[in-house]
Amino acid sequence: MDLAGIVFSDTYGTELDDLLLKRTLAAIPFGGRYRLIDFALSNLVNTGVQNIGLIVKQNYQSLMGHVRSGDEWDLNRKNGGLRILPPFSTDGNSDEVYRNRLQGLEANMSYLRNLEEDYVLLTGCNHVLNVDYSLMLDFHKRSGARITALYANKPVDPEEGRNLSWMTVKDGGEVLGFVSGQEKPSPDARLSLNTYIMGRKDLLDVLEKAVLAHKKSFRHDVLEAMVESGDSRVMAFGTDERVLFVDTVSGYLKSSLLLLDPDIRCGLFRNEDRPVITKVKDSPPTHYGKDARVSNSLIADGTIIDGTVRNSVIFRGVKIAAGAVVENCVVMQDSTVSEGVRLNYAILDKQVFIEPGRMLSGYLTRPFMLERRSRI
Amino acid sequence: MSKKKKCVAMLLAGGQGSRLMPLTESIAKPAVPFGSRYRIIDFPLSNCLNSGIDTVGVLTQYQPLELNDYLGTGDPWDMNLRYGGLHVLPPYQGSSGAKWFKGTANAIYQNIRFIRRYNPEYVLILSGDHIYKMDYDMMLQEHIHNQADCTIAVIDVPLEEASRFGIMNTDRSGRILEFEEKPAHPKSTEASMGVYIFSTEKLISYLEKDEADPDSSNDFGKDVIPAMLGDGCRMFAYLYKGYWRDVGTLTSYWAANMDAIGMSPDEKEPLVLNDSGWRIYYRHNNIPPQYIGEKAEIENALIGDGCEVFGRVEHSVIFGDVKIEEGAVVKDSVIMTGSVIQKGAHVEYAILDEGAQIGAGAKVRGDRNKQQLTVVARDAAVEPGAVMPLGSVVKR
């Protein structure tokens with residue numbers, strides 16, 4: 001595979017503060033047993049990419065603990081494999097690390113230089129999909145594009161993201177312009193996934209010039225500038241795979257609950273050639289007590305259920321006591337819901353403890369969010 | 001790095017497991033799945049890891065393909081080491097020809113070179129057909145303390161069952177005076193668990209003697225242990241307290257699975273799988289969490305990843321990727337990976353091996369009065385609407 005991957009693990013413009021307290025975007029748990037990084041890494045590995053650089057910036061400890069040496073994705077290789085690219089200071093006393101993708105790339109130019117692949121794919125972790133990038137690479141080569149941007153033909157819920165970036169695209173795939181914002185700017189606008197393929201040498205050229213010109217943003221200063229300069233070789237490629245967005249807290253809950261839809265769930269997880277891979281945990285099987293009542297829910301292993309669970313996503317090692325009712329919720333790893341608790345539209349981060357009898361409710365557009373290790 | 005291991009484990013995994021047929025038709029007994037996500041061999045291997053033993057020779061002979069795949073490089077049990085780790089030891093060809101393992105003792109005899117390579121002071125002999133969580137290091141400490149030549153783990157069994165086991169008669173200090181294989185009139189209730197620790201040189205000298213005896217059946221229980229006792233070796237019993245089940249028969253295998261769901265609170269030694277202090281490690285598949293449908297009813301059950309449950313599950317162990325359709329009922333059963341139970345089918349007191357297909361409305365039930373489970377073999381199918389005889393075996 002003549003393609004290397006660069007994954008940006010950090011958020012650049014999402015509103016997920018409560019979920020990001022002690023972790024980077026890529027480490028946000030999703031879908032019962034995964035983290036957002038799993039989808040990015042699995043897509044690249046399933047495409048055949050064997051060289052992946054993971055650019056991290058802040059709070060990346062939980063992410064490092066999750067990906068480790070990349071073993072689970074077969075990325076622990078003698079040649080290539082997974083490289084974690086943490087920030088560093090070049091002048092010895094700078095205490096500021098990069099603020100955007102462009103600076104993240106600039107800091108890692110030597111990594112890019114040492115790759116052997118002719119093409120590089122850049123992607124982030126604010127969306128969830130299962131895609132084969134080789135179709136996009138074929139399109140990139142065939143169309144003679146300088147940059148190919150990926151867009152979603154079928155976003156599941158495009159209203160959700162706050163900072164969506166739209167592209168206006170001509171027939172044949174040529175990009176005419178970019179527009180940011182929630183509103184779809186025109187009927188033929190396409191929802192960009194902030195995922196790009198570029199020739200590696202060309203990318204290095206662009207980065208070198210951007211450094212000299214003190215540019216700040218990959219999208220604004222590189223991509224949009226290229227389109228505005230009349231370069232017709234900025235192309236767009238659409239994927240038909242369903243895409244879930246994780247840009248806001250309510251979007252996180254909506255996207256999580258959309259996994260209960262069999263089409264979306266199977267499209268994401270049940271592609272035989274493209275499994276979603278994650279770190280294993282050696283949890284015991286899910287245990288249902290004699291009074292357990294569970295319907296329309298996604299339940300992970302190591303969980304003990306004695307209460308009622310409806311329309312929810314329950315992560316590994318969760319305990320739901322008898323008499324508790326959990327509805328429309330996401331309950332993350334190792335949280336405990338005690339006797340008689342009622343939860344509706346709540347997100348419980350990891351290791352939350354809800355004392356007996358508490359009643360908490362939010363709404364889909366405004367979920368009740370409990371941060372990690374909190375106790376109510 | 002020390003070029004010597006204190007204790008090396010040898011795991012006897014070559015048995016055919018004929019009493020578990022048809023589950024062992026194409027796989028070795030230690031590879032038989034257990035408890036919704038494990039295989040039997042995960043228990044002794046995890047016990048080794050949790051006891052600090054990192055070098056294990058697994059002796060294979062019968063249908064080893066799936067077992068070998070499962071063991072791989074030993075990484076699930078942290079045994080992918082440069083020095084030591086997990087080694088699969090199949091029968092091999094030597095200059096004097098190829099020899100199958102003639103018995104448990106002969107299997108170890110043929111691998112003395114493997115033991116010598118690590119030059120251990122002690123050798124732990126294990127078998128792959130029991131479900132238990134045991135700290136072998138505590139047993140080893142007792143072995144060392146007793147300055148024993150051999151220590152045999154025993155478990156206290158009810159007197160009425162004692163005649164099914166190898167029984168140790170010991171003195172107050174735990175020293176074994178007599179060993180009786182399946183005695184008609186047992187003098188004690190201390191049954192051998194098939195877990196032995198030997199001081200290495202004693203083991204090797206007795207294995208060599210045993211091999212030289214043409215009349216020997218080359219078995220630890222029948223030949224080596226009695227010979228050592230006869231010579232007055234220092235042999236001690238180590239009393240293990242905790243859950244232990246032989247899963248050598250279909251009914252005992254089924255019962256141990258039911259124990260894994262949860263045992264009554266007055267049970268002395270329950271099987272607890274959800275134990276972060278003594279984890280059972282296993283090889284994983286990449287499958288998503290289970291989905292429980294709108295009308296599903298589940299009580300008292302273990303359910304694996306990737307299952308889709310729309311019907312009713314009661315007191316059962318369900319492995320991964322099983323589909324239970326609407327209106328289907330599964331009760332008191334063990335359902336292995338990839339099985340499908342179609343609409344309205346009824347499965348009760350049964351074991352479904354991997355990939356079994358139960359057609360809509362079919363009835364697959366065991367005979368409780370005769371304690372005879374109905375077993376559907378691997379990838380076998382039951383036609384829609386079919387009513388299988390109670391306690392039958394459905395083959396492919």
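Naming convention: chains lettered A, B, ... in sequence-line order (proteins, then strands); numbering from 1 in each chain.
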[Y] side chain reached by [X] side chain, heavy atoms, under 4.5 Å:
{"X": "A:Arg293", "Y": "B:Glu299", "answer": "yes"}
{"X": "B:Gln290", "Y": "A:Ser297", "answer": "no"}
{"X": "A:Tyr288", "Y": "B:Val309", "answer": "no"}
{"X": "B:Glu308", "Y": "A:Arg265", "answer": "yes"}
{"X": "B:Tyr38", "Y": "A:Pro285", "answer": "yes"}
{"X": "A:Arg270", "Y": "B:Asp321", "answer": "yes"}
{"X": "B:Asn274", "Y": "A:His287", "answer": "no"}
{"X": "B:Ile292", "Y": "A:Asn296", "answer": "no"}

Using heavy-atom distances under 4.5 Å, tell me whether [X] contacts chain B through its side chain, its backbone, both, or neither.
{"X": "A:Val294", "result": "both"}
{"X": "A:Arg316", "result": "neither"}
{"X": "A:Ser42", "result": "neither"}
{"X": "A:Tyr34", "result": "side chain"}
{"X": "A:Leu260", "result": "both"}

Counterpart residues, ring-ring contact (aromatic ring centres under 6.0 Å, His included), relative to B:Tyr349 (two or more places apart):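 Listed in chain order: B:Trp254.
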Reported CG-to-CG distance for the pair A:Asp71 and B:Asp75, which is rounded to 0.5 angstrom: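 These two atoms lie 8.0 Å from each other.
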Straight-line distance of A:Ser283 OG to B:Arg37 CZ, nearest 0.5 Å: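 So the OG of A:Ser283 and the CZ of B:Arg37 are separated by 6.5 Å.
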Identified side chain to side chain contact (heavy atoms under 4.5 Å, CB included) partner of B:Tyr291 from the options A:Leu259, A:Leu298, A:Ile299: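 So, applying the side chain to side chain contact (heavy atoms under 4.5 Å, CB included) to B:Tyr291 and each of A:Leu259, A:Leu298, A:Ile299, only A:Leu298 qualifies.
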Other residues, nucleotides, ligands: >12 heavy atoms within 6.0 Å of [X] [atom1]:
{"X": "A:Lys281", "atom1": "NZ", "value": "yes"}
{"X": "A:Asn79", "atom1": "CG", "value": "no"}
{"X": "A:Lys350", "atom1": "NZ", "value": "yes"}
{"X": "B:Glu66", "atom1": "CD", "value": "yes"}
{"X": "B:Gln357", "atom1": "CD", "value": "yes"}
{"X": "A:Arg342", "atom1": "CZ", "value": "no"}

A:Arg33 to B:Asp305 - nearest heavy-atom pair and separation: NH1-OD2, 3.1 Å
Closest approach of A:Pro275 to B:Asn286 (non-hydrogen atoms, all atoms of both residues):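 Residues A:Pro275 and B:Asn286, closest heavy atoms: CB-CB, 4.3 Å.
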Interface residue of largest heavy-atom contact number with chain A, from B:Glu314, B:Glu294, B:His284, under 4.5 Å: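 Of the options given, most contacts go to B:His284.
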When B:Pro288, B:Ser36, B:Gly293 are compared by non-hydrogen pairs under 4.5 Å with chain A, the top option: B:Pro288
Interchain contact, B:Ile261 with chain A, by part (heavy-atom threshold 4.5 Å):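 Contact with chain A: backbone and side chain both.
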